There are 2 protein chains.
Amino acid sequence: METDNFDLQDFLPYLLNQAAEASSLEFQKYYKNRYGMLRTEWRVLFHLGLYGQLTASEIGQRARMHKTKISRAVHRLTERRFVTRRRDEDDRRVEHLALTRQGLAAYAELRDVAQRYDAELLNALDPAEAELLRRVLRKLSEARPGGFT
Amino acid sequence: METDNFDLQDFLPYLLNQAAEASSLEFQKYYKNRYGMLRTEWRVLFHLGLYGQLTASEIGQRARMHKTKISRAVHRLTERRFVTRRRDEDDRRVEHLALTRQGLAAYAELRDVAQRYDAELLNALDPAEAELLRRVLRKLSEARPGGFT
DNA sequence: GCTTGTTAGTTACAAAACCAACTATTACAA
DNA sequence: TTGTAATAGTTGGTTTTGTAACTAACAAGC
């Protein structure tokens, strides 16, 4: 309760959320209309497309997604024949996930769209800004600000 | 997996979402635990705290929130006696919203927490980076990338 | 006056996210 | 070997959001 020198437009979490929402919107529309996918499904698809075979836990760690989200995303992706599951022989709790031919095709298309989309977003920025932005965002993604009270 | 020069870690919408989530987490916990607020409610509260009396539509425009979100947020905030509504005399469709004494107190506390939290996030960055980041994020928030197909 | 269109805000129902409890399997120690 | 804890993943019930339809009030044309 001090002097009111605070501005929402400077508050980083707010700014980040606004920018994230605005910059995801059009791409989101695309994978939703084209494949009826949710964000969780898109993310799982991309992880499998990029890194090949993974388990649900591995995806969870990389994408920082909760396991229930992954479970449901995988469920829907297998229904649509984009993903196959294979039980691990040694540890029968884990499942190895991989893209089917269809899944791979969808991934390839969406990846291209994403690339073009990204390029268009970056048009608004100059290259130095863009690189700095990515670096800073990665830093913030890992930041775990502790007790601020 | 073909000519694969695409990396999820470079895709701006993904990076932004990750950074936004990570950087909002602790603050979100705070207003949730302390006041049982949702993000929408926090945003409405802040807009009223910062700009004084506003209508729901005005908040919607500034915060880029859909009117149904605002409607529900305002409903809950009035239930908790953080916000009052006053019908406009001339145009009886519109309601002027304002913070109560309680609402103002909550706002003041959360604003201080937000300020400290923001400062802590910025610790990871040097001042020049921080300023650039804000500028770029504001730019991206307004960007409306059209047809990228 | 009426009719049509627009705007402010709410509500209803469906979709999705969240959280906690659950099953099945493995690990490990007494 | 048996009991306890840990891990992989799923399911159920509640909240929250999204979408579209709705009410109420104004506006503008005729």
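If you're wondering where the values come from, they're calculated on a predicted model, not measured in any experiment. Every chain is numbered from 1, with letters handed out A, B, ... down the list of sequences. What you see below is based on every heavy atom in this structure, not just the backbone, and it leaves out hydrogens, waters and symmetry mates.
Of the side-chain N and O atoms in A/Arg76, one or more sit less than 4.0 angstrom from OP1 or OP2 of C/dA16. For A/Arg93 and C/dT26, the shortest distance from a side-chain N or O to OP1 or OP2 is not below 4.0 Å.
The two residues B/Gln53 and B/Ala98 make their nearest non-hydrogen contact at CG-CB, 4.5 Å.
Nearest to the side chain of B/Thr55, among C/dA17, C/dC19, C/dG9, sits C/dG9. Comparing C/dT10, C/dC18, C/dT26 by their nearest atom to the side chain of A/Arg92 picks out C/dT26.
Rounded to whole angstrom, the span from the CG atom of B/Asp90 across to the P atom of C/dT7 amounts to 19 Å. When the P atom of C/dT10 is taken as reference, atom CE of B/Met65 falls 12 Å away, rounded to whole Å. The interatomic distance linking B/His66 (NE2) with C/dG9 (P) rounds to 13 Å, in whole Å. Separating the NZ atom of B/Lys69 from the P atom of C/dG9 is a distance of 17 Å, rounded to the nearest angstrom. In this structure, B/Lys29 atom NZ and C/dC18 atom P are separated by 14 Å, rounded to whole Å. Taking atom CZ of B/Arg87 as the reference point, atom P of C/dG9 lies 8 Å away to the nearest angstrom. Remark: P of C/dA8 and CG of B/Asp88 are 12 Å apart, rounded to the nearest angstrom. Straight-line distance from the CG atom of B/Asn17 to the P atom of C/dA17: 12 Å, rounded to whole Å.
At a threshold of 4.0 angstrom between heavy atoms, the contacts of B/Arg39 with the nucleic acid are absent.
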Could you pull out all donor-acceptor pairs under 3.5 Å where a side-chain atom in residues 43-52 of chain B meets a protein atom, sequence neighbours excluded?
| unit_1 | atom_1 | unit_2 | atom_2 | d |
| --- | --- | --- | --- | --- |
| B/Arg43 | NH1 | A/Gln18 | OE1 | 3.4 |
| B/His47 | NE2 | A/Tyr14 | OH | 3.4 |

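Where A/Glu89 and A/Leu38 meet DNA chain C, the nucleotide closest to each residue was compared, and A/Leu38 sits on the side nearer the 5' end. Both A/His96 and A/Arg72 lie near DNA chain D, and the one whose nearest nucleotide falls closer to the 5' end is A/His96.
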A/Phe6 vs A/Phe11, ring pair (Phe, Tyr, Trp, His ring centres under 6.0 Å): CA-CA, chis, key distance, verdict: CA-CA 8 Å; A/Phe6 178 75; A/Phe11 186 43; 5.8 Å; yes

Mind running side-chain contact (heavy atoms from CB on, under 4.5 Å) on B/Leu137 and A/Leu12 for me, showing each step along the way? CA-CA 9 Å; B/Leu137 290 177; A/Leu12 221 45; 4.2 Å; yes

B/His96 and B/Thr55: side-chain contact (heavy atoms from CB on, under 4.5 Å), yes or no, with the steps? CA-CA 5 Å; B/His96 300 282; B/Thr55 70; 3.9 Å; yes

Please assess A/Val136 against B/Val136 for the test side-chain contact (heavy atoms from CB on, under 4.5 Å), listing each intermediate value before the final yes or no. CA-CA 11 Å; A/Val136 169; B/Val136 169; over 6 Å; no

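Ring geometry, B/Phe27 versus B/Trp42: the interplanar angle exceeds 60°, so the pair is classed perpendicular (tilted spans 30 to 60°).
When DNA chain D is scanned 5' to 3' for any atom under 4.0 Å from a heavy atom of chain B, the first and last hits are D/dT16 to D/dC26.
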